[in-house]
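Structure incoming, see below.
Side-chain atoms are counted along with the backbone in the values below, which use heavy atoms only and exclude waters and symmetry mates. The chains referred to below are lettered A, B, ... by the order of the sequence lines, with proteins before strands, and numbering in each begins at 1.
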Protein chains: 2
Amino acid sequence: MESAAAQAQAILEAYLAEKGLRRTEERTEVLKAIYEELTHFDAESLHKHLQEKGLRVSRATVYNTLDLLVACGLVTRYHFGEGRTLYERTLGRRQHDHLICLDCNLIREFCAPQMGPVIDGVARLFQVKPVQHQLVIYAHCADAACPHRSSERAIGR
Amino acid sequence: MESAAAQAQAILEAYLAEKGLRRTEERTEVLKAIYEELTHFDAESLHKHLQEKGLRVSRATVYNTLDLLVACGLVTRYHFGEGRTLYERTLGRRQHDHLICLDCNLIREFCAPQMGPVIDGVARLFQVKPVQHQLVIYAHCADAACPHRSSERAIGR
DNA sequence: GTTCCTGCAAAGAGTTTGCATTGTG
DNA sequence: CACAATGCAAACTCTTTGCAGGAAC
């Protein structure tokens, strides 16, 4: 079976071809970095990450490419915590929601299959076509000695 | 029965007293504006709103006061749509979640009582104490002739 | 060769901060 | 009358934009 990264590249190429857009090295590299190395990240850290790998991709291109990847569904954009924009790769991951620790801002993921009916109910009530949903739970560790409590603040607080 | 605005003022005063903070005219006015006139708003529009009422409250004070009101639970902070920070008064409103129209960014509210069990399940699984949750559903109008489709973009896209 | 894409640097939005001044307790 | 809170303006962070050069098709 093909890796998610390889599948993602194929999807990107199909999308570019369909839209008459160009396949540039920068777009390929950005997608590769996202699929091979990052889970939750922001534009700035992605930019830095690329620099550190020796790839000179400008900030503007990072932002442009993220828009592109969101548009073709390979990346999802989130806005939780203190307003920072976070991204996450989409392919090869189960639908999930997020639990954010208020002590250390660690982001954990969980699946809540019961959300399906909730979304459907709202869709029916308001006569809309749901595209995406985000459930974020903010919580404190029940254990005062939580190992996360003292750790560094996670990205995207 | 006392109005939500009056109750809110009482809660604020109690909080200030408890923390040894001062009761200033600015804090009172900001809270009043929020409870009497605004539903979903951002810091910038609150500042403008106060200016237009002839109240000279600086941007810095608006931000400080919003932090204070969030800390004492009278105001809730949200981060949906394209990353803008939105606020909403808490008191006198039922727990609800948000539906955002991707065509016009109109924010609608709904109640989903089924969320309770979902949150409880996650809390048990991860051994955490949930403080708040936010469910946001992004959707398109099912009706292509949706009256919102052509309207101005709502705040907080 | 045309048009899209990139990089750069500057602009823009939203938010925070430093410091002198004001006003509450 | 001490010290917290305010106002102002400047700083800061994240993101977007304009434009000239370069690359894909």
(request) Provide, to the nearest angstrom, the distance between the CZ atom belonging to A/R77 and the C1' atom belonging to D/dT16. (result) 12 Å

(message) Can you pull out the residues from residues 49-64 of chain A that lie within a 4.0 Å heavy-atom distance of DNA chain C?
(response) A/R56, A/V57, A/S58, A/A60, A/T61

(request) Before accepting this row, confirm whether a basic side-chain N of the pair A/E37/A/K53 lies closer than 4.0 Å to the acidic partner's carboxylate O. (result) yes

(request) Take atom CD of B/E29 and atom P of C/dT24, then tell me their distance rounded to the nearest Å. (result) 13 Å

(request) Grab the CZ-P distance between A/F41 and D/dC14 for me, whole Å please. (result) 15 Å

(message) Rounded to whole Å, please give me the gap between CG in A/L69 and P in C/dC5.
(response) 13 Å

(message) Can you measure B/H47 atom NE2 to C/dT16 atom P for me and round it to whole angstrom units?
(response) 14 Å

(request) Go through the side-chain N and O atoms of A/Q132 and A/Q134 and say whether any donor and acceptor fall under 3.5 Å apart. (result) yes

(message) Checking B/T61 against B/N64 for the side-chain hydrogen bond (donor to acceptor under 3.5 Å, both in side chains) test, could you report, in this order, the C-alpha distance in whole Å, the side-chain angles of both residues, the deciding distance, and whether it holds?
(response) CA-CA 5 Å; B/T61 299; B/N64 284 341; 5.1 Å; no

(request) Measure from NE2 on A/H79 to P on D/dT13 and round the result to the nearest Å. (result) 21 Å

(request) Measure across B/L66 and B/A43 and return the closest heavy-atom pair with its distance rounded to 0.1 Å. (result) CD1-CB, 3.9 Å

(request) Using modelled atom types only, decide if a donor and an acceptor are shared between the side chain of A/R89 and the backbone of A/L38 within a distance under 3.5 Å. (result) yes

(request) Look at A/E88 together with A/R93 and state whether they make a salt bridge at an N to O cut-off of under 4.0 Å. (result) yes

(message) Checking the side chain of B/Y87 only, and the main-chain atoms of B/T39 only, is there a donor and an acceptor separated by less than 3.5 Å?
(response) no

(message) Using the ring pair (Phe, Tyr, Trp, His ring centres under 6.0 Å) criterion, which residues pair with B/H98? Sequence neighbours excluded.
(response) B/H40, B/Y78, B/F80, B/H96

(request) Within residues 9-28 of chain B, find the residues that approach DNA chain C with a heavy atom at under 4.0 Å, and present them sorted by residue number. (result) B/R22, B/R23

(request) Determine: side-chain N/O of A/T85 to OP1/OP2 of D/dT15, distance under 4.0 Å, yes or no. (result) yes

(request) Run the salt-bridge test on B/D67 and B/R77 with the 4.0 Å N-O cut-off and return the result as yes or no. (result) yes

Pairs of donor and acceptor atoms involving the side chains of residues 14-24 of chain B, under 3.5 Å and at least two apart or interchain, shall be tabulated with distances.
unit_1	atom_1	unit_2	atom_2	d
B/T24	OG1	B/R27	N	3.3

(request) For the helix from C/dG1-D/dC25 to C/dG25-D/dC1, measure the angle between the helix axis at one end and the axis at the other, each built from five pairs, rounding to 10°. (result) 30°

(request) Report the hydrophobic cluster partners of B/L135, with the cluster defined as I, L, V, M, F, W, Y residues connected by side-chain heavy atoms closer than 4.5 angstrom, directly or transitively. (result) A/L99, A/F110, A/M115, A/V118, A/I119, A/V122, A/L125, A/F126, A/V128, A/L135, A/I137, B/L99, B/F110, B/M115, B/V118, B/I119, B/V122, B/L125, B/F126, B/V128, B/I137

